[in-house]
Amino acid sequence: MTTSLPSLNPGISPSPAPATVRTLAAWRHMFASGDFSAVGSLLHPEVLLHSPLDDQPLHGAGAVGGVLGLAFSLYDRFAYGDCLWSEDGRQLALAFEGQMGPHTVRGVDRLQLDGQGRITTLEVFVRPLPALAHLSAEVQRRMAPQTGH
């Protein structure tokens, strides 16, 4: 998978801030290594996660970091691909592909960052529908002991 940084708008070559570039490198490394110990330093304390599993966003670095680690643990294989930047270099879309049980999963993580390179909003898109249903069932199953359901 490539690591090119094309613009979301043809003909415009954004220059992301160094903090944004560092965050992206650390984000990719975190998912490649499976070590989520640095997730708190990458997320703004008031980060919002818009998940395909709920119509209400999840709020706060602790909760979002926990859900990211849980979701990642469900993948047998996971890799990020292309990254597309906005004109201001503070929004990006990261394509990903993975294997979750019998399903090949494809999706996009859309990140918004603040001036310090911290992620303020994360929106996750996943396809196909059977993979999303599998993800939902596995998250519910793993969270049941924690919630008492």
Side-chain angles (χ1 to χ4, degrees), residues 1-100 103-136 138-140 142-143 146:
M1 300 193 131
T2 64
T3 58
S4 61
L5 302 175
S7 173
L8 293 176
N9 297 314
I12 299 173
S13 178
S15 298
T20 302
V21 173
R22 283 191 302 273
T23 297
L24 176 59
W27 186 262
R28 285 181 178 271
H29 175 74
M30 183 174 69
F31 280 89
S33 69
D35 178 4
F36 282 73
S37 60
V39 72
S41 67
L42 302 177
L43 301 174
H44 186 279
E46 302 298 319
V47 65
L48 291 177
L49 169 63
H50 297 276
S51 164
L53 302 180
D54 199 340
D55 60 350
Q56 296 297 314
L58 188 61
H59 181 262
V64 170
V67 167
L68 289 174
L70 171 63
F72 180 76
S73 74
L74 300 174
Y75 283 88
D76 302 314
R77 177 184 57 78
F78 183 93
Y80 277 116
D82 290 337
C83 179
L84 302 174
W85 296 89
S86 64
E87 288 181 42
D88 67 3
R90 289 180 43 186
Q91 295 184 50
L92 55 108
L94 279 165
F96 65 83
E97 183 174 305
Q99 191 68 34
M100 184 182 303
H103 304 284
T104 298
V105 180
R106 291 182 182 86
V108 173
D109 286 343
R110 187 175 154 270
L111 287 72
Q112 294 180 332
L113 297 98
D114 66 12
Q116 297 173 340
R118 297 177 301 178
I119 299 165
T120 59
T121 305
L122 170 60
E123 190 169 11
V124 179
F125 300 89
V126 173
R127 66 169 307 276
L129 184 56
L132 181 59
H134 181 82
L135 173 63
S136 177
E138 285 299 308
V139 167
Q140 289 176 12
R142 292 194 185 189
M143 290 187 76
Q146 298 170 5

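In this text, all values refer to a predicted model and were calculated from it rather than measured experimentally. Only heavy atoms go into these numbers, but all of them, side chains included; no hydrogens, no water, no symmetry mates.
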(request) Test Leu74 against Arg142 for side-chain contact (heavy atoms from CB on, under 4.5 Å), laying out the working first. (result) CA-CA 10 Å; Leu74 300 174; Arg142 292 194 185 189; 3.2 Å; yes
(request) Could you pull out the closest heavy-atom pair between Gly115 and Ala19, with the gap in Å? (result) O-CB, 4.3 Å
(request) Looking only at non-hydrogen atoms, find the nearest pair between Met100 and Val105 and report the distance. (result) CB-CG2, 3.9 Å
(request) Over 60° means perpendicular and under 30° means parallel, so classify the ring planes of Phe78 and Phe72, tilted if in between. (result) perpendicular
(request) Assign the ring pair Tyr80 / Trp27 to parallel, tilted or perpendicular, where the plane angle (0 to 90°) is split at 30° and 60°. (result) tilted
(request) State whether the number of non-hydrogen atoms from other residues, nucleotides or ligands found under 6.0 Å of His59 atom NE2 is greater than 12. (result) yes
Could you tell me whether the side chain of [Y] reaches within less than 4.5 Å of the side chain of [X], counting heavy atoms only?
X: Val124; Y: Ser51; value: no
X: His103; Y: Pro128; value: no
X: Val47; Y: Thr120; value: no
X: Val108; Y: Leu84; value: no
X: Phe125; Y: Glu123; value: yes
X: Phe31; Y: Tyr75; value: no

Any donor-acceptor pair under 3.5 Å from [X] side chain to [Y] backbone:
X: Thr23; Y: Gly117; result: yes
X: Arg90; Y: Leu113; result: yes
X: Ser136; Y: Leu53; result: no
X: Arg28; Y: Ala79; result: no

From [X] atom [atom1] to [Y] atom [atom2], the distance as rounded to the nearest 0.5 Å:
X: Gln140; Y: Leu135; atom1: CD; atom2: CG; result: 9.5 Å
X: Leu49; Y: Leu68; atom1: CG; atom2: CG; result: 6.0 Å
X: Met30; Y: Ser41; atom1: CE; atom2: OG; result: 8.5 Å
X: Leu48; Y: Gln56; atom1: CG; atom2: CD; result: 11.0 Å
X: Leu122; Y: His44; atom1: CG; atom2: NE2; result: 14.5 Å
X: Asp109; Y: Cys83; atom1: CG; atom2: SG; result: 10.5 Å

(request) Run the numbers on Leu42 and Phe36 for side-chain contact (heavy atoms from CB on, under 4.5 Å), then give the verdict. (result) CA-CA 10 Å; Leu42 302 177; Phe36 282 73; over 6 Å; no
(request) List the steps and the verdict of side-chain contact (heavy atoms from CB on, under 4.5 Å) for Leu58 and Val67. (result) CA-CA 9 Å; Leu58 188 61; Val67 167; 3.4 Å; yes
(request) Kindly determine whether Leu92 and Thr20 satisfy side-chain contact (heavy atoms from CB on, under 4.5 Å), including the steps that lead there. (result) CA-CA 10 Å; Leu92 55 108; Thr20 302; 4.3 Å; yes
(request) Would you kindly say whether Thr121 and Gln112 are connected by a side-chain donor-acceptor distance under 3.5 Å? (result) yes
